[in-house]
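This report refers to the structure that appears directly beneath it.
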Amino acid sequence: MGNVIVVTSGKGGVGKTTSTAAIGAALAETGKRVCVVDFDVGLRNLDLVLGAERRVVYDFINVAQGDAKLNQALIRDKRVETLYLLAASQTRDKDALTDEGVERVIGELKASFDWVVCDSPAGIERGALLAMRFADTAVVVCNPEVSSVRDSDRIIGLLDSRTRRAEGGSRIDKHLLLTRFDPNRSARGEMLSVADVLEILSIPLVGIIPESEEILRASNIGAPITMNAGASLAAKAYKEAARRLAGEPVPLAMPSEKKPFFSRLFGRRAA
Amino acid sequence: MNLLKMFQARGSAPVARERLQILLAHERVRLGPEDLLSRLRDDLIATILRHVEIDPAKVMVKMDGDSAVSTLEIDIEIPREKIVGDGKRRPMDDGEALTTAA
């Protein structure tokens, strides 16, 4: 039986979809069968980030309502053959997903994949609760920024109370993925440090993704960053995070706080 | 840019951290009291079980209070024989229940 991961955050725009695509691709690149599932009904984007937007015929709701078979709706990645996408519906009402429908589809996915990675919509409404409901593991995506940390805290509370695991008296495995981290700003005291966020949220850290121009470039092209810029720091950080999720003990190094003299002199990016 | 401004712009992260710590301490109690209590209860039971054998069903954790202050009431029943029975541990002076208010 596969393991179900929910990628969640509460706040929008922190990198859930980017992280879902990158972690899903990184897991699939190790040869495991992976399905990434978009739960953002009405605002789907995982298809776009994966470059599969023109290949969506049937979606999650079609399968959940029995209008299509799972195999008809699954879209196989053209680059990594063990990576599949189940797209969200772009047209239907978000109330079209029911607890029972989602449970059945997740159950079918677990039976044929090693990993099912669920991309949660932002917010704490029905869609976000459904995305986390049947998960075994949660990746809480957080930026080192006050509103994101606050919303992450709220989401952690929901993971501990509103998931099937929590209701059954056990705990969901929770991991913090710190994204858009800038070690230089943090070193200057302009940005919360990794230790600050960890102390406040007190869940284990699975990865630190440095702020990177490659992320936008990858989404422009429609490829997960691990495929498009595999050697970049952000891609490496995602690959390592994926290995940690798979249970491999990969040491987590704090991103370097030193910059080459040249880039220190001229700056690296516009904020 | 004036120097003072540059200096003030630095080091806003500690302010962020402090604001978050204060805010979340309140929100965790307000938004998730039941969950907080169940987590506290689990941790208390685990800690006490390391020293004394108790019945987890006889651990009561209650939160009360008004808008200004919250009180946490913890009531744990410890069978007398579990304390007296082990020579290494000192018997408690005041009966069977250990009550703490914080």
Side-chain angles (χ1 to χ4, degrees), chain A residues 10-11 123-124 128-129 132 138 140 142-163 165-172 174 176 178 180-203 254 257 267 271, chain B residues 1-50 53-65 67 70-72 74 76 102:
Chain A
K11 191 178 182 307
I124 51 172
L129 293 176
M132 69 170 67
V140 178
C142 182
N143 293 168
E145 179 274 325
V146 288
S147 53
S148 178
V149 175
R150 179 198 212 173
D151 292 358
S152 295
D153 191 74
R154 189 78 195 277
I155 280 291
I156 291 167
L158 293 174
L159 288 166
D160 283 336
S161 59
R162 304 289 292 273
T163 52
R165 277 207 174 194
E167 287 173 3
S170 68
R171 285 270 159 84
I172 185 166
K174 299 178 293 288
L176 181 70
L178 195 60
R180 307 199 67 168
F181 185 72
D182 183 333
N184 299 298
R185 296 199 74 183
S186 177
R188 291 198 298 266
E190 296 172 5
M191 179 182 269
L192 287 167
S193 69
V194 176
D196 288 340
V197 181
L198 281 178
E199 192 194 324
I200 292 165
L201 295 178
S202 50
I203 59 171
M254 291 293 147
E257 285 166 4
Chain B
M1 192 197 288
N2 105 33
L3 264 179
L4 185 69
K5 231 181 194 170
M6 231 174 93
F7 196 73
Q8 281 172 340
R10 285 174 163 228
S12 54
V15 181
R17 175 197 153 110
E18 201 184 316
R19 288 176 61 217
L20 273 170
Q21 280 171 331
I22 293 166
L23 174 73
L24 294 181
H26 282 89
E27 285 192 344
R28 280 171 190 162
V29 174
R30 193 166 53 82
L31 296 169
E34 277 160 32
D35 183 53
L36 172 73
L37 287 185
S38 82
R39 278 187 287 175
L40 264 175
R41 196 170 170 278
D42 290 351
D43 287 354
L44 281 166
I45 292 171
T47 307
I48 293 163
L49 275 175
R50 282 206 295 272
E53 207 175 302
I54 53 163
D55 178 0
K58 294 191 173 161
V59 174
M60 198 269 296
V61 180
K62 209 168 84 183
M63 192 167 291
D64 252 319
S67 56
S70 298
T71 58
L72 181 67
I74 302 165
I76 302 164

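Quick note on labels: first sequence line is chain A, next is B, and so on, each numbered from 1.
Contact annotation for A:E145: neither backbone nor side-chain heavy atoms come within less than 4.5 Å of a heavy atom of chain B. With a threshold of 4.5 angstrom between heavy atoms, A:D153 approaches chain B through side-chain atoms but not through N, CA, C or O.
Between A:V146 and B:A16 the shortest heavy-atom distance is CG1-CB, 3.6 Å. Summarising the geometry of A:G189 relative to B:P14, their closest heavy-atom pair is O-CD, 4.0 Å, with the distance given to 0.1 Å. Annotation for B:L23 and A:R150: closest pair CD2-NE, 3.2 Å, computed over non-hydrogen atoms.
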Steps toward side chain to side chain contact (heavy atoms under 4.5 Å, CB included) verdict (B:L20, A:L192): CA-CA 11 Å; B:L20 273 170; A:L192 287 167; 3.9 Å; yes

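Atom CD of B:E18 is surrounded by 12 or fewer heavy atoms from other residues, nucleotides or ligands within 6.0 Å. Heavy atoms of other residues, nucleotides or ligands lying less than 6.0 angstrom from CZ of A:R165 number more than 12.
A distance of 11.0 Å separates OG of B:S12 from CZ of A:R188, quoted to the nearest 0.5 Å.
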